[in-house]
Number of protein chains: 2
Amino acid sequence: MLPSSTVENYLKAIYLGTSQRPDGDRLPMGHLAAALGVVPGTATTMVKALAESGLVDYEPYNGVRLSAAGLTLAALVLRRHRLIELFLVRVMGLGWDEVHDEAEHLEHVMSDRLIARMDEMLGFPQVDPHGDPIPNAAGEFPAHESTTLMTCDTGTPVTVTRITDQEAGFLRFVQQYGLMPGHELEVVARDEAADAVSLSGPDGQRLTIGTRAASKVRVSASQASSRA
Amino acid sequence: MLPSSTVENYLKAIYLGTSQRPDGDRLPMGHLAAALGVVPGTATTMVKALAESGLVDYEPYNGVRLSAAGLTLAALVLRRHRLIELFLVRVMGLGWDEVHDEAEHLEHVMSDRLIARMDEMLGFPQVDPHGDPIPNAAGEFPAHESTTLMTCDTGTPVTVTRITDQEAGFLRFVQQYGLMPGHELEVVARDEAADAVSLSGPDGQRLTIGTRAASKVRVSASQASSRA
DNA sequence: ATTTTGGTTTTGACTAACCAAAATTTAATG
DNA sequence: CATTAAATTTTGGTTAGTCAAAACCAAAAT
């Protein structure tokens, strides 16, 4: 039997939750519940059921993480979500700050047929509008390595690859200051005490943002503009 | 509170069910239940609830029909459904025989924003791929009058306007023999006893179909090819 | 070693939507 | 007019998903 959309949402939330914490670490039930907007007890009940089905590895009082089967399922949900987001931006002309919520609903009802057609129309893309990687139809994530503005080298040019927060307000801020994926910039300095990071864009303009924001912007070393 | 997708499906089924029976007539619960694929008792319970909410006019043992409020809601569901079908055919290149089921799911989750955008991309169309009229955003149906191959004049050219059966097999048959909306043809004769209707296409080819099929093809008098 | 605290699990209860089968009403037929 | 068939409604029960609040556990603080 195919998973209900509730199950899909749990798997997705567990994936996203565990992915941003030390490797192999389980996701505390409270975090999961908060991410899904349910009370903790509800999450516990549901996760126990998921464990029964072999989709997650659950240890009471210690948290939950995906099994191999659960990971594949989560990847397929993410695949649908991200292809839909890209489709809405590229084909339908919506803003990248308004497609997340829309995709949240559509991801549970689109047939494989339709997803495949979108994939084709988009030219089999690797990443969505926020730079998030799009798993393939087998549920495998493309390889990707990058750091954030908090951890990358200072004084060397980097290219934004990904924004790891879908909140509309944050996305509009990112867009306004030219921090979207593909844009090039450089970390000038980090000020621990001020909790801030100073950046300079390619056109030389300066910008200082908080560390909270900085850690949501992923980058990779710019290709040495190897044309010489 | 917005209606659940179950409520939307009931309203849609009641609209479609009542529309193909004598005017003002109520739809028997058994028919409704069959259309929705539930047992009669389930339909009764749900319809009573809908009557409570003022969306339908229900008379025990006599059937159900939409109230004004229910009709508007049903029209909006149909609007979404039909715009989606047209979008899938025109923009995404799916076959007209495979879009119905897809739209059945999508109609419940697309935002007004997205529906409006599709409407715009499609040039504010009046009918969907099957010729079914698309209500406007206020829930009003466009005017339309037509007859079927069972009732139209014989010996005069008519244009197909609409196919009133979404079943994939039937749609493929219609496509194969060129009976899709826009095509011109003529009823040569009706044979009561044989339960059949003979047609001739513009290219002169003959075709005989059963009355069941004939009544699912709506037509209107062809414009006298007024070019003189 | 005990208390506090914060997170977690359990319990009991609720809602929407459904089915199966019994009870009822209407309509049809002898 | 009585009977029976067909359709409809009722009744009782199920499942998925949820919440509120009570009970519980573990780790830190006393």
Side-chain angles (χ1 to χ4, degrees), chain A residues 1-14 17-18 20-22 25-66 70 73-74 77 104-105 107-109, chain B residues 1-14 17-18 20-22 25-66 70 73-74 77 104-105 107-109:
Chain A
M1 67 220 72
L2 31 160
S4 72
S5 73
T6 302
V7 167
E8 291 187 343
N9 281 333
Y10 271 83
L11 295 178
K12 191 176 54 165
I14 294 168
T18 48
Q20 61 191 49
R21 61 180 28 242
D25 226 8
R26 286 192 175 76
L27 178 67
M29 300 305 284
H31 290 208
L32 177 60
L36 289 164
V38 298
V39 303
T42 300
T44 297
T45 307
M46 188 67 202
V47 163
K48 277 201 295 190
L50 293 177
E52 280 298 309
S53 321
L55 294 172
V56 303
D57 167 9
Y58 167 57
E59 196 168 280
Y61 295 102
N62 205 351
V64 63
R65 77 185 145 200
L66 294 175
L73 239 39
V77 177
E104 206 67 24
H105 294 112
E107 68 189 6
H108 305 296
V109 300
Chain B
M1 65 220 74
L2 30 160
S4 72
S5 72
T6 302
V7 167
E8 291 187 342
N9 281 333
Y10 271 81
L11 295 178
K12 191 175 54 164
I14 294 168
T18 48
Q20 61 192 49
R21 61 178 30 243
D25 226 8
R26 285 192 175 78
L27 179 68
M29 300 306 284
H31 291 208
L32 177 60
L36 290 164
V38 299
V39 303
T42 301
T44 298
T45 307
M46 188 67 201
V47 163
K48 277 202 295 190
L50 293 177
E52 279 298 310
S53 321
L55 293 173
V56 304
D57 168 9
Y58 168 58
E59 196 168 280
Y61 295 100
N62 204 353
V64 63
R65 77 185 145 200
L66 294 174
L73 239 40
V77 177
E104 207 67 24
H105 294 112
E107 68 188 6
H108 305 295
V109 300

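Here is the naming used below: chain letters follow the sequence lines, and residue numbers restart at 1 for every chain.
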Report the secondary structure of DNA chain D in dot-bracket form, marking unpaired bases with a dot and bases paired to a different strand with |, and treating Watson-Crick or G-U pairs with both distances under 3.5 Å as paired. ||||||||||||||||||||||||||||||
Would you check, one step at a time, whether the test side-chain contact (heavy atoms from CB on, under 4.5 Å) holds for B:Tyr58 with B:Met29? CA-CA 10 Å; B:Tyr58 168 58; B:Met29 300 306 284; 4.0 Å; yes
Please lay out, stage by stage, how B:Arg21 and B:Leu27 fare under the test side-chain contact (heavy atoms from CB on, under 4.5 Å). CA-CA 8 Å; B:Arg21 61 178 30 243; B:Leu27 179 68; 4.1 Å; yes
Kindly indicate, with the supporting measurements, whether the criterion side-chain contact (heavy atoms from CB on, under 4.5 Å) is fulfilled by A:Asn9 and A:His108. CA-CA 9 Å; A:Asn9 281 333; A:His108 305 296; 3.0 Å; yes
First locate atom CD1 of B:Ile14, then atom NE2 of B:His31, and finally report the distance between them rounded to the nearest 0.5 Å. 13.5 Å
With respect to the phosphate group of C:dT8, does any side-chain polar atom (N or O) of A:Thr44 fall under 4.0 Å of OP1 or OP2? no
Taking every non-hydrogen atom, the tightest pair across B:Ala13 and B:Leu32: CB-CD1, 3.7 Å
Rounded to whole Å, the CZ-C1' distance (B:Arg26 to D:dT8) equals 15 Å
With sequence neighbours left out, write down each residue that passes salt bridge (Lys or Arg N to Asp or Glu O under 4.0 Å) with A:Arg26, or none if nothing qualifies. A:Asp57, A:Glu59
Does anything in residues 51-62 of chain B come within less than 4.0 Å of DNA chain D? Heavy atoms only, and list the residues if so. B:Tyr58, B:Pro60, B:Tyr61
Nearest-Å distance for atom pair CG/C1', residues B:Asn9 and C:dA16: 14 Å
Can you tell me if A:His105 has over 12 outside heavy atoms packed within less than 6.0 Å of its NE2? no
Nearest 0.5 Å, please: how far is OG in A:Ser4 from OH in A:Tyr10? 9.5 Å
Let me know the distance between CG of B:Leu36 and C1' of C:dC18, rounded to the nearest Å. 12 Å
From CG of B:Leu32 across to C1' of D:dA7 the rounded distance in Å is 14 Å
Check residues 33-50 of chain A and write down every donor-acceptor pair under 3.5 Å in which the side-chain atom is one partner and the other belongs to a residue at least two apart or another chain.
residue : atom : partner : partner atom : Å
A:Thr44 : OG1  : A:Pro40 : O            : 3.3
A:Thr45 : OG1  : A:Gly41 : O            : 2.9

Ignoring backbone atoms, establish whether A:Ser4 has a side-chain N or O less than 4.0 Å from OP1 or OP2 of D:dA16. no
From NZ of B:Lys48 across to P of C:dC18 the rounded distance in Å is 16 Å
Would you mind reading off the distance between B:His31 atom NE2 and D:dA6 atom P, rounded to a whole angstrom? 14 Å
Set of side-chain contact (heavy atoms from CB on, under 4.5 Å) partners for A:Leu73, sequence neighbours left out: A:Pro3, A:Leu11, A:Leu55
What nucleotide, of D:dT18, D:dT8, C:dC18, holds the atom closest to the side chain of B:Tyr10? C:dC18
Nearest-Å distance, CG (B:Leu50) to C1' (D:dT9)? 16 Å
Between atom CE in B:Met46 and atom P in D:dT8, what is the gap in whole Å? 18 Å
Are any protein N/O atoms closer than 3.5 Å to N/O atoms in nucleotides 19-21 of chain C? If there are, list each pair with its distance.
residue : atom : partner : partner atom : Å
C:dC19  : OP2  : B:Val39 : N            : 3.0
C:dC19  : OP2  : B:Thr42 : OG1          : 3.0

